[in-house]
Amino acid sequence: MSLRLGERAQSFKARLARGDFLLGIFQKTPHFHVTEVLSMAPLDLICLDAEHAPFNRETLDQCCAIARANDLPAVERIVSNTPAAILDCLDRGALGVVVPHVRSAAEAQSVAKACAYGEGGRGFAGSTRAAGYGSRGMPGHLAGTPNEVSVIAQIEDPEALLEIDAIAAVPGIDCLFIGRADLTVALGAATPKDPVVIEAVERIIDACLRAKRAVGMFVADLDEIPHWRERGASLFLLASDHALMMDGARGLRSRVGD
């Protein structure tokens with residue numbers, strides 16, 4: 001197994017920064033077999049959902065190892081925005097961290113600092129998967145990391161909308177990911193298509209465009225994708241492994257009949 005990143009993984013951060021169309025799904029099942037299967041699909045990335053699925057350190061580690069071995073960019077939605085959770089995610093070799101509930105510029109600054117090496121930032125260990133188990137050396141790992149790790153702040157709270165321009169402008173934040181479902185609930189709306197939710201999404205996108213940050217989002221209605229791509233969103237996480245299994249099972253049932 002090579003410890004070097006493959007072409008698809010190596011180019012992920014650059015593609016995100018360019019605004020390339022990136023399509024991925026959430027992986028909810030905490031087993032590396034699922035990661036292995038998904039690595040053979042025509043996806044640009046997967047997001048290991050440690051926030052809403054029963055992953056632990058061991059299963060996340062296994063899934064990251066398989067993703068890297070199969071040149072599948074894997075980002076991880078962590079359970080909290082603590083430096084410890086961020087360090088754990090990046091040391092095991094995830095190519096990005098999706099940090100939930102970033103509500104202010106101060107929180108975004110703390111996230112960016114925790115993801116980067118330097119005074120008061122990410123703790124250094126040369127023995128991790130991210131560091132090639134010592135094979136990269138300190139200079140190589142320090143130089144390579146900024147070009148490999150993507151920092152994605154999830155915007156899903158009304159408080160964040162009050163500081164959205166400041167959040168988007170924080171150095172070290174690569175992308176804002178719009179948590180439309182949580183925004184819907186927090187704003188007291190009935191559906192993600194409610195005008196108040198759409199207005200919030202538009203505000204977030206506009207802030208990202210002004211700050212030259214990538215925009216990511218979850219979209220339940222695939223027919224909306226052309227519209228949001230035209231508006232400036234480029235990273236789309238659609239459905240999950242669970243949803244794909246359910247859709248496949250329903251499709252079989254409908255084709256076979258009762």
Side-chain angles (χ1 to χ4, degrees), residues 3-20 22 24 27 35 44-51 57 60-61 63-100 102 107-154 167-168 170-177 208 211-216 234-235 237:
L3 296 178
R4 296 182 182 277
L5 291 176
E7 182 179 348
R8 182 167 52 157
Q10 203 169 46
S11 65
F12 175 74
K13 181 166 182 170
R15 294 184 68 200
L16 180 65
R18 283 198 307 264
D20 290 2
L22 300 173
Q27 181 179 329
T35 311
D44 298 297
L45 76 154
I46 59 168
C47 180
L48 303 173
D49 192 4
E51 183 189 19
R57 293 186 75 183
L60 285 166
D61 189 69
C63 291
C64 276
I66 289 296
R68 287 175 74 100
N70 288 284
D71 193 24
L72 173 63
V75 302
E76 185 181 314
R77 182 159 68 178
I78 56 179
V79 70
S80 68
N81 62 3
T82 64
I86 291 170
L87 177 66
D88 192 36
C89 165
L90 298 182
D91 273 359
R92 70 174 135 260
L95 290 184
V97 56
V98 180
V99 183
V102 175
E107 286 187 357
Q109 289 165 357
S110 296
V111 166
K113 187 173 185 178
C115 290
Y117 289 117
E119 184 179 357
R122 178 180 171 187
F124 181 85
S127 58
T128 63
R129 178 179 297 114
Y133 299 111
S135 66
R136 299 181 76 174
M138 180 180 281
H141 184 49
L142 291 178
T145 295
N147 300 317
E148 296 168 359
V149 171
S150 296
V151 184
I152 303 170
Q154 187 157 302
I167 293 171
V170 169
I173 298 295
D174 297 295
C175 175
L176 298 189
F177 187 84
C208 287
K212 295 181 170 56
R213 295 288 183 261
V215 182
S234 58
L235 170 65
L237 294 175

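What you are looking at is a predicted structure, and each value in this text was computed from that prediction instead of being measured.
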With rounding to the nearest 0.5 angstrom, report the [atom1] to [atom2] distance, [X] to [Y].
X      : Y      : atom1 : atom2 : answer
Asn147 : Lys13  : CG    : NZ    : 7.0 Å
Asp44  : Arg8   : CG    : CZ    : 7.5 Å
Glu107 : Asn81  : CD    : CG    : 5.5 Å
Leu90  : Thr145 : CG    : OG1   : 8.5 Å
Leu16  : Ser150 : CG    : OG    : 5.0 Å
Ile78  : Cys89  : CD1   : SG    : 6.5 Å

Do [X] and [Y] have side-chain heavy atoms sitting under 4.5 Å apart?
X      : Y      : value
Val98  : Glu51  : no
Ile173 : Ile167 : no
Ser234 : Leu22  : no
Leu95  : Leu5   : yes
Leu45  : Leu237 : yes

Under 3.5 Å: donor-acceptor pair, side chain of [X], backbone of [Y]:
X      : Y      : answer
Arg68  : Gly93  : yes
Arg213 : Val170 : yes
Asp174 : Ile152 : no
Asn70  : Ile66  : yes

Which atoms form the tightest heavy-atom contact between [X] and [Y], and what is the distance?
X      : Y      : value
Tyr133 : Ser127 : CD2-O, 3.2 Å
Asp71  : Ala9   : OD1-N, 2.8 Å
Ala168 : Ala211 : O-CB, 3.5 Å
Ala112 : Pro171 : CB-O, 3.5 Å

Residues that [X] engages under side-chain contact (heavy atoms from CB on, under 4.5 Å), provided they are two or more places apart:
X      : answer
Ala131 : Thr128, His141
Arg18  : Ala14, Arg15, Asp20
Leu87  : Asp91, Arg122

Those residues that, when tested against Gln154, pass side chain to side chain donor-acceptor pair (under 3.5 Å) (two or more places apart)
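With neighbours one apart ignored, the set is Arg77, Glu156.
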Do any pairs count as a ring-ring contact (aromatic ring centres under 6.0 Å, His included) and have a residue in residues 76-97, sequence neighbours left out, and if so which ones?
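ring-ring contact (aromatic ring centres under 6.0 Å, His included) check on residues 76-97 returns no pairs.
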Pairs meeting criterion salt bridge (Lys or Arg N to Asp or Glu O under 4.0 Å) with involvement of residues 134-146, two or more places apart
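Pairs touching residues 134-146 that pass the test: Arg136-Glu148.
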Full working for side-chain contact (heavy atoms from CB on, under 4.5 Å) between Leu48 and Gln27
CA-CA 5 Å; Leu48 303 173; Gln27 181 179 329; 3.5 Å; yes
